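Please read the structure below before turning to the comments.
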Amino acid sequence: MQSDEVIWQVINQQFCSYKVKTPTGTFCRNQYNVTGLCNRQSCPLANSRYATIREHNGIVYLYMKTPERAHSPAKMWEKKKLSKNYAEAIAQIDKELKYWPNFLTHKCKQRLTKITQYLIRMRKLKLKEADRPQLIGIKKKLDRREANRERKAEAAARIEKSIEKELIDRLKSKAYGDAPLNVNEEIWQKILDEDLEGAEEDESEEENEEEEEEEEEDEDTEFVSDLEDESDIEDIEDGFEWEQEDENMNESVAN
């Protein structure tokens, strides 16, 4: 069995890795310390029966240590999740620490209050940061370097394009013969296809020109009536009407 008094004498009088001495007081850096002070009541190492409050990712837990589990360090601390509601969490602490010392119960409630307050403050700050415009730093040196690289790449691309154009013009003009050596087949096939397309376009243009010429000739030829005035047309219509009336009169006389 461990003796809490012996452990405290060693910690207090000799050495403790969690102890921090300052001009204002002595503090404890142990994560399970409920007050953050280095004294007999608050030391989690020198008390076989101990309780504290801790927070992980916005969730608050109650940690409890009893002498019955002192023989197994892996299962020494019992962890219980507390409710997000502050009143319910206080009721849970009262229930779990019903027969524990009043000092630990009071300090656990104080620690729960402090953790709840800073969690509320964190949520408010996150909401403000979401509404606040985000500032982005401008790296002028990096931008200048990228602009220089882009300018050099464009110059190199222009040189490559001019060289490629010159070589293609030479291949089209058959400066290296009908079947030049050491020429990529894809490039040579591309040039041949362009020649065929150019020939087809020339033929289509000639056909379009011939059709346009024929249409212009058709437009030049017009058919014109010999009756220029409307009066002539009316005279002809009157003549046809008189002839029809004479024929009708003759038929009636004959009957």
Side-chain angles (χ1 to χ4, degrees), residues 1-139 142:
M1 294 295 293
Q2 66 177 11
S3 176
D4 295 343
E5 194 62 34
V6 173
I7 294 172
W8 173 247
Q9 287 179 4
V10 173
I11 291 172
N12 188 32
Q13 297 177 6
Q14 297 183 20
F15 174 75
C16 178
S17 60
Y18 298 108
K19 185 187 296 186
V20 178
K21 290 185 178 181
T22 63
T24 56
T26 306
F27 299 95
C28 179
R29 292 183 298 183
N30 193 303
Q31 57 186 353
Y32 292 101
N33 195 310
V34 73
T35 61
L37 301 174
C38 183
N39 53 45
R40 179 71 178 83
Q41 286 181 316
S42 301
C43 183
L45 302 177
N47 290 279
S48 57
R49 193 181 190 189
Y50 198 79
T52 187
I53 302 290
R54 293 186 64 191
E55 176 262 332
H56 295 285
N57 299 324
I59 302 172
V60 184
Y61 296 94
L62 172 64
Y63 284 79
M64 295 176 290
K65 182 175 72 168
T66 59
E68 290 79 13
R69 292 191 300 271
H71 65 282
S72 58
K75 299 179 181 179
M76 185 179 293
W77 292 93
E78 181 183 0
K79 182 171 76 171
K80 289 196 175 182
K81 183 179 177 181
L82 297 179
S83 176
K84 291 184 178 180
N85 190 343
Y86 178 73
E88 293 179 2
I90 291 291
Q92 285 179 328
I93 292 173
D94 289 333
K95 181 181 177 181
E96 296 294 336
L97 305 180
K98 186 175 182 180
Y99 302 106
W100 288 57
N102 292 330
F103 173 79
L104 288 176
T105 306
H106 179 64
K107 292 299 180 183
C108 286
K109 290 179 181 179
Q110 280 187 339
R111 190 171 177 86
L112 174 66
T113 304
K114 197 69 177 177
I115 290 172
T116 305
Q117 288 175 352
Y118 83 68
L119 288 175
I120 293 170
R121 198 177 302 117
M122 285 172 61
R123 294 190 191 101
K124 289 182 179 179
L125 290 174
K126 284 185 179 179
L127 292 174
K128 288 183 180 180
E129 288 178 359
D131 298 335
R132 188 182 305 168
Q134 187 177 4
L135 300 178
I136 300 174
I138 298 174
K139 299 179 180 179
L142 181 62

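None of the values given here were measured: they were computed from a predicted structure. Quick note: numbers below take in every heavy atom, side chains included, and nothing from hydrogens, waters or symmetry partners.
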Side chain to side chain contact (heavy atoms under 4.5 Å, CB included) with Leu82: of Ile115, Ile93, Thr116, only one passes, and it is Ile93
Taken in chain and number order and not counting sequence neighbours, the residues that satisfy side chain to side chain donor-acceptor pair (under 3.5 Å) with Tyr86 are Thr113
Contacts of type side chain to side chain donor-acceptor pair (under 3.5 Å), residue Thr24, not counting sequence neighbours | Thr22
When rounded to the nearest 0.5 Å, the distance separating CG of Leu112 from CD of Gln92 is 9.5 Å
Value rounded to 0.5 Å, distance of NZ in Lys65 from OG1 in Thr52 = 11.0 Å
Which pairs, with at least one residue in residues 14-30 and sequence neighbours excluded, count as a salt bridge (charged side-chain N to carboxylate O under 4.0 Å, His left out)?
-> none
Where the side chain of Ser83 meets the backbone of Asn85, is there a donor-acceptor pair that is under 3.5 Å apart?
-> yes
Under 3.5 Å, is there a donor-acceptor pair between the side chain of Asn33 and the main chain of Leu37?
-> yes
With sequence neighbours left out, the residues meeting ring pair (Phe, Tyr, Trp, His ring centres under 6.0 Å) with Tyr32 are Tyr63, Trp77
With Tyr61 via ring pair (Phe, Tyr, Trp, His ring centres under 6.0 Å) - residues at least two apart | His56
Let me check something: any side-chain donor-acceptor pairs from residues 40-48 under 3.5 Å, sequence neighbours excluded? List them with distances.
residue : atom : partner : partner atom : Å
Arg40   : NH1  : Ala46   : O            : 3.0
Arg40   : NH1  : Asn47   : OD1          : 3.4
Ser42   : OG   : Thr35   : OG1          : 2.8
Ser42   : OG   : Asn39   : OD1          : 2.8
Asn47   : ND2  : Arg40   : O            : 3.0
Asn47   : ND2  : Cys43   : O            : 2.5
Ser48   : OG   : Asp4    : OD2          : 3.1

If the condition is side chain to side chain contact (heavy atoms under 4.5 Å, CB included), which residues does [X] pass it with, not counting sequence neighbours?
| X | answer |
| --- | --- |
| Glu68 | Thr66 |
| Leu127 | none |
| Leu142 | Lys139, Arg145, Glu146 |

Under the salt bridge (Lys or Arg N to Asp or Glu O under 4.0 Å) test, which residues partner Lys80, sequence neighbours left out?
-> Glu78, Glu96
Close side-chain approach of Val34 and Ile53, heavy atoms under 4.5 Å = no
Could you tell me whether the side chain of Lys79 reaches within less than 4.5 Å of the side chain of Leu62, counting heavy atoms only?
-> no
For Arg49 and Pro67, work out which heavy atoms get closest and say how close.
-> CB-CD, 4.3 Å
Identify the two heavy atoms, one from Gln31 and one from Arg111, that lie closest to each other, and give their separation to 0.1 Å.
-> O-NH2, 4.5 Å
Which pairs of donor and acceptor atoms, one on a side chain in residues 5-15, lie under 3.5 Å apart (sequence neighbours left out)?
none

Sequence neighbours excluded and cut-off under 3.5 Å, please list the side-chain donor-acceptor pairs for residues 117-124, or say none.
residue : atom : partner : partner atom : Å
Tyr118  : OH   : Glu55   : OE1          : 2.8

Are there more than 12 heavy atoms of other residues, nucleotides or ligands under 6.0 Å from atom OH of Tyr18?
-> no
